[in-house]
Enquirer: 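Take this structure, written in structure tokens, and hold onto it; I'll ask about it next.
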Amino acid sequence: MNLVVAQDDLGAVGHEAYLLHEQLREEPDIAGVGSDKSGEGATVQAANELSLRHMTMGNELLTTLSVWDSQVKTVLQMCAHISNHLDYSKRSYAENDKRIEDSLRHRDGTAVSVSEISTYVR
């Protein structure tokens, strides 16, 4: 079984990974939502208030926020890696295709015929 990937497919997947990266960079920032003057978001403010009232839920909420933030950063890194890799692959394959195409031309620019190519295949 042969793997066939069109350059357009690579570009489309890479673009979707980029769009997801941009969306995740902005939207899931639950730590910064409702920031006060000190820059603490509403979730941190709530966790601090709960902790001040000696409720263990405050620390748990901070832990949840920390895990969420870590996981979002991991997904961001994965999307960036996928996008960059597919952009590189698309360019690389295009360069290889051009090199192969150029190698199958005579000096005058005309294409090498199929019969000429088949003399090299045994």
Side-chain angles (χ1 to χ4, degrees):
M1 182 161 137
N2 293 329
L3 173 64
V4 177
V5 179
Q7 290 176 13
D8 290 344
D9 295 338
L10 294 175
V13 173
H15 182 68
E16 289 300 317
Y18 171 78
L19 292 177
L20 180 58
H21 179 274
E22 291 303 299
Q23 186 177 3
L24 284 175
R25 202 167 52 89
E26 301 289 330
E27 293 180 12
D29 181 19
I30 62 173
V33 173
S35 295
D36 63 7
K37 294 176 190 174
S38 68
E40 289 184 336
T43 306
V44 174
Q45 293 171 41
N48 288 339
E49 185 66 29
L50 290 166
S51 294
L52 285 173
R53 295 173 188 258
H54 305 289
M55 300 179 93
T56 58
M57 187 174 166
N59 286 334
E60 298 303 321
L61 188 54
L62 285 175
T63 299
T64 301
L65 185 62
S66 175
V67 169
W68 172 262
D69 190 49
S70 173
Q71 289 178 343
V72 167
K73 286 178 181 174
T74 298
V75 172
L76 280 169
Q77 290 173 347
M78 290 170 23
C79 287
H81 181 73
I82 289 167
S83 178
N84 291 340
H85 179 72
L86 291 177
D87 286 346
Y88 168 80
S89 296
K90 182 180 176 182
R91 280 191 310 275
S92 176
Y93 291 142
E95 290 169 5
N96 287 341
D97 287 350
K98 179 70 174 136
R99 220 176 354 263
I100 291 168
E101 179 184 338
D102 291 345
S103 73
L104 293 173
R105 295 199 176 276
H106 294 289
R107 288 184 181 173
D108 65 1
T110 59
V112 173
S113 69
V114 174
S115 60
E116 287 178 85
I117 295 170
S118 65
T119 61
Y120 297 104
V121 179
R122 299 190 197 258

Enquirer: Are any side-chain N or O atoms of T64 and backbone N or O atoms of E60, one a donor and one an acceptor, separated by less than 3.5 Å?
Expert: yes
Enquirer: Give a yes or no on whether V72 and Y18 share a hydrophobic cluster (residues Ile, Leu, Val, Met, Phe, Trp, Tyr; joining criterion: side-chain heavy atoms under 4.5 Å apart).
Expert: no
Enquirer: I need the minimum non-hydrogen distance between E40 and Q45, along with the two atoms involved.
Expert: O-NE2, 2.7 Å
Enquirer: What do the steps show when you test L19 against E16 for side-chain contact (heavy atoms from CB on, under 4.5 Å), and what is the final call?
Expert: CA-CA 5 Å; L19 292 177; E16 289 300 317; 4.0 Å; yes
Enquirer: Mind checking the OG-CG spacing from S113 to L104? Nearest 0.5 Å is all I need.
Expert: 10.5 Å
Enquirer: Between atom CG of L76 and atom CD of E22, what is the distance when rounded to the nearest 0.5 Å?
Expert: 9.0 Å
Enquirer: Should the pair R99-E95 be classified as a salt bridge under the 4.0 Å nitrogen-to-oxygen rule?
Expert: no
Enquirer: Taking the side chain from S66 and the backbone from L62, do they hold a donor-acceptor pair closer than 3.5 Å?
Expert: no
Enquirer: How long is the straight-line distance from NE2 of H21 back to NE2 of H15, given to the nearest 0.5 Å?
Expert: 14.0 Å
Enquirer: For the residue pair L61 and T43, what are the closest heavy atoms and their distance?
Expert: CD2-O, 3.8 Å
Enquirer: Atom NE2 of residue position H106 - does it have more than 12 heavy atoms of other residues, nucleotides or ligands inside 6.0 Å?
Expert: yes
Enquirer: How far does CE of M78 sit from CD1 of I82, to the nearest 0.5 angstrom?
Expert: 6.0 Å
Enquirer: Going by the angle between their ring planes, with limits at 30° and 60°, are H81 and H85 parallel, tilted or perpendicular?
Expert: parallel
Enquirer: What's the shortest heavy-atom distance between S83 and G14, and which atoms?
Expert: OG-O, 3.3 Å
